[in-house]
Amino acid sequence: MLTLHVAEATPESAVLVDGALVAAVGPYEDLAAVRPEARVRRWPGILTPGLLNPYGPELLEETYHPDPREAEEFGTEPITGERAREIFRADPARRGASARRGVQRLLAHGTVAVAGELRGRAAADAVRRAGLAVGRRPERLPGPPSFSPVPLVLLPALVPGGPARFAVFDVPDRASLVRLGASTCVATVIGGRLVHRRR
């Protein structure tokens, strides 16, 4: 099934998706004229190739992401440091669910690829199942681990025949994305599937 994704601030960079691949990239009007049968998804903001987060191990193996049902005991925010290590030592089975919730947080921040060596099976499985690409880690990391690291690392431009992997951010331009961060993500697509949509 063909799907045409277009964002308000970047209509010249619409993406036509056929299954798991990019069929075409170009102005919305041109793509819609050539493939009028395509389902159209309209988004606010800008469409980008998505982000690479260089902190895969730190966010998925060294951070505990509480289940919402654990809010009374652990709160709702990610837990790091010695407290996270204590939680994992007390119940190693928590690693899998925590990694899956961590991946969901990454997707909600427009992340389509992670970097860093994942040593544990739970995190590696969560990344694989979500379809996240695994990239090379930069030699120097920009700062503390974050779902919206500074600077943001955008992936190379989308190309026809390449994987349909991208993210949409509700900002007017890339400068605003850099300033406001990845929490402005409204949609993330991996393998042609909408894996995150802000409600």
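Position 1 is the first residue of the sequence; numbering continues from there. What's counted below: heavy atoms across the whole structure, side chains too, no hydrogens, waters or symmetry copies.
- Residues R129 and V127 fail the side-chain proximity criterion, which asks for heavy atoms closer than 4.5 Å.
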Show me the donor-acceptor pairs, under 3.5 Å and distance only, between side chains in residues 162-173 and residues at least two apart or in other chains.
residue: D173; atom: OD1; partner: A175; partner atom: N; Å: 3.3
residue: D173; atom: OD1; partner: S176; partner atom: N; Å: 2.8
residue: D173; atom: OD1; partner: S176; partner atom: OG; Å: 2.8

Side-chain polar contacts of residues 104-112 - donor-acceptor pairs under 3.5 angstrom, sequence neighbours left out - could you list them?
residue: R105; atom: NH2; partner: T76; partner atom: O; Å: 2.7
residue: H109; atom: ND1; partner: R105; partner atom: O; Å: 2.8
residue: T111; atom: OG1; partner: L106; partner atom: O; Å: 3.3

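- In plain terms, the two heavy atoms of E62 and A84 that are nearest each other are O-CB, 3.7 Å.
- For E70, the side-chain contact (heavy atoms from CB on, under 4.5 Å) partners are Y64, P66, D67, F74, R94, R101, not counting sequence neighbours.
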Apply the test side chain to side chain contact (heavy atoms under 4.5 Å, CB included) to residues E77 and I79: give CA-CA distance (whole Å), side-chain angles for both, the deciding distance (0.1 Å), then the verdict.
-> CA-CA 6 Å; E77 293 303 308; I79 299 169; over 6 Å; no
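- The hydrophobic clustering, which links ILVMFWY residues whose side-chain heavy atoms are closer than 4.5 Å, places V25 and Y28 apart.
- A123 approaches A99 most closely through the heavy-atom pair CA-CB, 3.8 Å.
- Between R39 and L4 there is no side-chain heavy-atom pair separated by less than 4.5 Å.
- Contact of the R95 side chain with the R100 side chain is not registered, since no non-hydrogen atoms from C-beta on lie closer than 4.5 Å.
- For the pair A24 and L31, the tightest heavy-atom approach, listed with the atom from each and the gap, is CB-CD2, 3.7 Å.
- Taking R121 as the reference, D125 meet the side-chain hydrogen bond (donor to acceptor under 3.5 Å, both in side chains) condition, with sequence neighbours excluded.
- When the side-chain hydrogen bond (donor to acceptor under 3.5 Å, both in side chains) test is applied to R193, no partner is found at least two apart in sequence or on another chain.
- At least one side-chain heavy atom of R198 sits less than 4.5 Å from a side-chain heavy atom of H196.
- Residues L59 and L132 are members of one and the same hydrophobic cluster, defined by side-chain heavy-atom contacts under 4.5 angstrom among Ile, Leu, Val, Met, Phe, Trp and Tyr.
- Partners of R137 under the side-chain contact (heavy atoms from CB on, under 4.5 Å) rule, at least two apart in sequence or in another chain, are Y55, P57, E58, A115, L141.
- The hydrophobic cluster containing V34, built from Ile/Leu/Val/Met/Phe/Trp/Tyr side-chain heavy atoms closer than 4.5 Å, comprises no other residue.
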Give the intermediate values and the outcome of side chain to side chain contact (heavy atoms under 4.5 Å, CB included) for residues V186 and R197.
-> CA-CA 6 Å; V186 292; R197 180 178 189 167; over 6 Å; no
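- Here R89 pairs with E82 under the side-chain hydrogen bond (donor to acceptor under 3.5 Å, both in side chains) rule; sequence neighbours left out.
- Hydrophobic clustering (side-chain heavy atoms under 4.5 Å, transitive across Ile, Leu, Val, Met, Phe, Trp, Tyr) keeps L52 apart from V178.
- A heavy-atom distance below 4.5 Å is found between the side chains of R41 and T3.
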Side chains of residues 7-21: which donor-acceptor pairs under 3.5 Å do they make with residues two or more places apart or in other chains?
residue: T10; atom: OG1; partner: L47; partner atom: N; Å: 3.1

Could you list the donor-acceptor pairs under 3.5 angstrom formed between side-chain atoms of residues 145-161 and any protein atom two or more places apart in sequence or on another chain?
residue: S146; atom: OG; partner: S148; partner atom: N; Å: 2.9
residue: S146; atom: OG; partner: S148; partner atom: O; Å: 3.3
residue: S148; atom: OG; partner: A182; partner atom: N; Å: 2.8

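- For T63 (side chain) and L60 (main-chain N/O), no donor-acceptor pair under 3.5 Å exists by modelled atom type.
- Checked against side-chain contact (heavy atoms from CB on, under 4.5 Å), P27 has the following partners two or more places apart in sequence or in another chain: D30.
- Separating the CD atom in E73 from the CD1 atom in I87 is a distance of 7.5 Å, to the nearest 0.5 Å.
- Residues that satisfy the side-chain contact (heavy atoms from CB on, under 4.5 Å) test with E37, not counting sequence neighbours, are L2, R35.
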